[in-house]
Amino acid sequence: MKLWRGGRLATLAGERGWGLVDDGALLVDGGRLLWVGPSAELPEQAAGAEVVELGGALVTPGLVDCHTHLVYGGNRADEFERRLHGESYADIAKAGGGIRSTVAATRAASEAELLAAARKRALALVHEGVTTLEVKSGYGLDLATEARMLRVARRLAELGVDVRTTCLAAHALPPEFSAADDYIDAVCAWLPRLQAEGLVDAVDAFCEHIAFSPAQVARVFDTARRLGLPVKLHAEQLSDQGGAALAASCGALSCDHLEYLSPAGVHAMAQAGTVAVLLPGAFYALKETRLPPVEALREAGVPIAIATDHNPGSSPTLSPLLMLNMACVLFGLTPEEALRGMTVNGARALGLRDRGQLVAGQRADFCIWDGGHPRELAACFGHNPLIERVSQGVQGGP
């Protein structure tokens, strides 16, 4: 049993408010929070616990990055330059760039090469306080490479971070297929095999005019649901395809991006309890101008999550703290909404209810920061105030 005491806790208990506890303490046993509250009210079972003095530091739940594409080969810095010269994301994709260029590099990379590169990226996230991490496939687009990517993602747990894997084989049409429906047939055939190998926690798809139609996505989701796998969707990023409503009708954990989300999509997500994952890094990198409907999501009571969307083309960031700031500056979230978006709501976007808040019974995942108030994490950028990161009660350092 271990006791952390003398810190300022931002518990995020309940559905709103910081849940601040001054001179607070956290009692941890077996990787769980046994008790959280003021140091002056410690329970009897704290007697004899190993003590860690926090010295007034700020403590928040561990960060949850619920949308990443960490495993891939190559890079696409050339596309950044092309976009600066006026080419759009869609134009580059149609010309053979974008996802397809990363697919070629990923297929050519060995598992060891993919792991070495992904470890560096994951460590960057861990060093800014991430304790739970989602990693998607989707740069293989054939069974062997998709499986290789998911195996690498699983191995990132060696870094002391909880990893959730998502199969995103329905990401783009690979060059060896001329008909999207034929490729969707293949994806549906791969899913049982990937699940049997223990590689898949959820299934995602890209519903867009440059990717797959709602009808094609529905086929992937039907297969996933028959296998008992939860679904999520890249939806309404570049146009309104009605993907969010489709995903919500399938009980999706989340719909992500959502710049073109319609009122009908908002309503469907609210009814289904589907989380809206906003990705300010991609919005910024692609110089988008259409904002996701944040106020409509608020009014409907749709939980809002924030993630890095780390990928080589449209969001090459590895800074979750910068995403907190961008979510406020670009999307108009409050600092509290942004932090909830990368803690409790980020966890909900992964179907996890055992983390994201500092309350008894939750996983002992928390971060210790050099700061006086949690709003500072969103207000400041360009530096890392993390003092220490704790995952399931294990101190992991910055």
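Heavy-atom basis, side chains included; hydrogens, waters and symmetry copies ignored.
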Check Lys232, Lys136, Arg164 against Asp204 for a salt bridge (charged side-chain N to carboxylate O under 4.0 Å, His left out) and give me the one that passes.
Lys136
Using modelled atom types only, decide if a donor and an acceptor are shared between the side chain of Thr274 and the backbone of Ala252 within a distance under 3.5 Å.
yes
Tell me, with the steps shown, if Glu337 and Arg298 meet salt bridge (Lys or Arg N to Asp or Glu O under 4.0 Å).
CA-CA 10 Å; Glu337 286 175 324; Arg298 284 184 183 128; 2.7 Å; yes
Can Arg83 and Ser88 be said to form a side chain to side chain donor-acceptor pair (under 3.5 Å), step by step?
CA-CA 6 Å; Arg83 289 196 302 271; Ser88 71; over 6 Å; no
Applying salt bridge (Lys or Arg N to Asp or Glu O under 4.0 Å) to Arg5 and Asp23, what does each step give before you reach the verdict?
CA-CA 7 Å; Arg5 70 182 182 191; Asp23 190 17; over 6 Å; no
What one should report as the nearest heavy-atom pair of Val161 and Val130 is CG2-O, 4.0 Å
Ser262 versus Asp240, closest heavy-atom pair with distance
CB-OD2, 3.5 Å
Can you hop from Ile304 to Val275 via hydrophobic side chains spaced under 4.5 Å?
no
Under 3.5 Å, is there a donor-acceptor pair linking the side chains of Gln241 and Ser213?
no
Looking only at non-hydrogen atoms, find the nearest pair between Leu278 and Phe331 and report the distance.
CB-CE1, 3.8 Å
With sequence neighbours excluded, tell me which residues meet side chain to side chain contact (heavy atoms under 4.5 Å, CB included) with Arg32.
Asp354, Arg363
Taking atom types as modelled, find out whether Thr145 and Asp142 have a side-chain donor-acceptor pair closer than 3.5 angstrom.
yes
Suppose we screen for side-chain hydrogen bond (donor to acceptor under 3.5 Å, both in side chains). Which residues come up paired with Arg226, at least two apart in sequence or across chains?
Thr223
Rounded to the nearest 0.5 Å, what separates atom CZ in Phe366 from atom CG in Leu58?
12.5 Å
For Asp78, is there any backbone N or O sitting under 3.5 Å from a side-chain donor or acceptor partner on Glu81?
no
I would like to know whether Asp365 and Gln392 meet side-chain contact (heavy atoms from CB on, under 4.5 Å); could you show each step before the answer?
CA-CA 5 Å; Asp365 291 352; Gln392 282 196 291; 4.0 Å; yes
Within a strict 4.5 Å, meaning less than it, do heavy atoms of the Tyr260 and Gln237 side chains meet?
no
Side chains of Asp309 and His69 only: does a donor on one sit below 3.5 Å from an acceptor on the other?
yes
Residues Thr11 and Gln357: side-chain donor-acceptor under 3.5 angstrom
no
Under a 4.0 Å N-O cut-off, is there an ion pair linking Arg219 with Asp181?
yes
Other than Leu352, which residues form its hydrophobic cluster under the rule that side-chain heavy atoms must be closer than 4.5 Å?
Val64, Leu350
Look at the side chain of Glu79 and the backbone N and O of Gly97, then say whether any donor-acceptor pair between them is shorter than 3.5 Å.
no
Does the distance from a Lys or Arg side-chain N to an Asp or Glu carboxylate O, for Arg340 and Glu336, drop under 4.0 Å?
yes
Would you kindly say whether Arg389 and Thr131 are connected by a side-chain donor-acceptor distance under 3.5 Å?
no
Hey, what's the ring geometry for His257 with His67, parallel, tilted or perpendicular (30° and 60° as the breaks)?
perpendicular
Partners meeting side-chain hydrogen bond (donor to acceptor under 3.5 Å, both in side chains) with Glu111 (sequence neighbours left out):
Arg151
Please state whether the rings of Tyr72 and His310 are parallel, tilted or perpendicular, taking 30° and 60° as the class boundaries.
parallel
Do other residues, nucleotides or ligands put more than 12 heavy atoms under 6.0 Å from the CZ atom of Phe177?
yes
Return the minimal non-hydrogen interatomic distance between Ala349 and Leu253, and the atom names on each side.
O-CB, 3.5 Å
Could you check if a side-chain atom of Leu261 sits within less than 4.5 angstrom of a side-chain atom of Pro292, using non-hydrogen atoms only?
no
Within a reach of under 6.0 Å around CD of Glu295, are more than 12 heavy atoms found that belong to other residues, nucleotides or ligands?
yes
Once you round to the nearest 0.5 Å, how far does OG of Ser314 lie from CD1 of Ile99?
8.0 Å
Kindly write out the residues that satisfy side-chain hydrogen bond (donor to acceptor under 3.5 Å, both in side chains) with Arg154, not counting sequence neighbours, or none if the list is empty.
Thr165, Asp201
With the threshold set at 4.0 Å, does a side-chain nitrogen-carboxylate oxygen contact exist between Glu15 and Arg348?
yes
Applying side-chain contact (heavy atoms from CB on, under 4.5 Å) to Leu386 and Trp369, what does each step give before you reach the verdict?
CA-CA 5 Å; Leu386 185 66; Trp369 308 93; 3.7 Å; yes
Donor-acceptor pair, Thr317 side chain versus Gly281 backbone, under 3.5 Å?
no
The side-chain hydrogen bond (donor to acceptor under 3.5 Å, both in side chains) partners of Glu176 (sequence neighbours excluded) come to Arg107
Nearest atoms (heavy-atom pairs only) where Glu146 meets Leu141
OE2-N, 2.9 Å
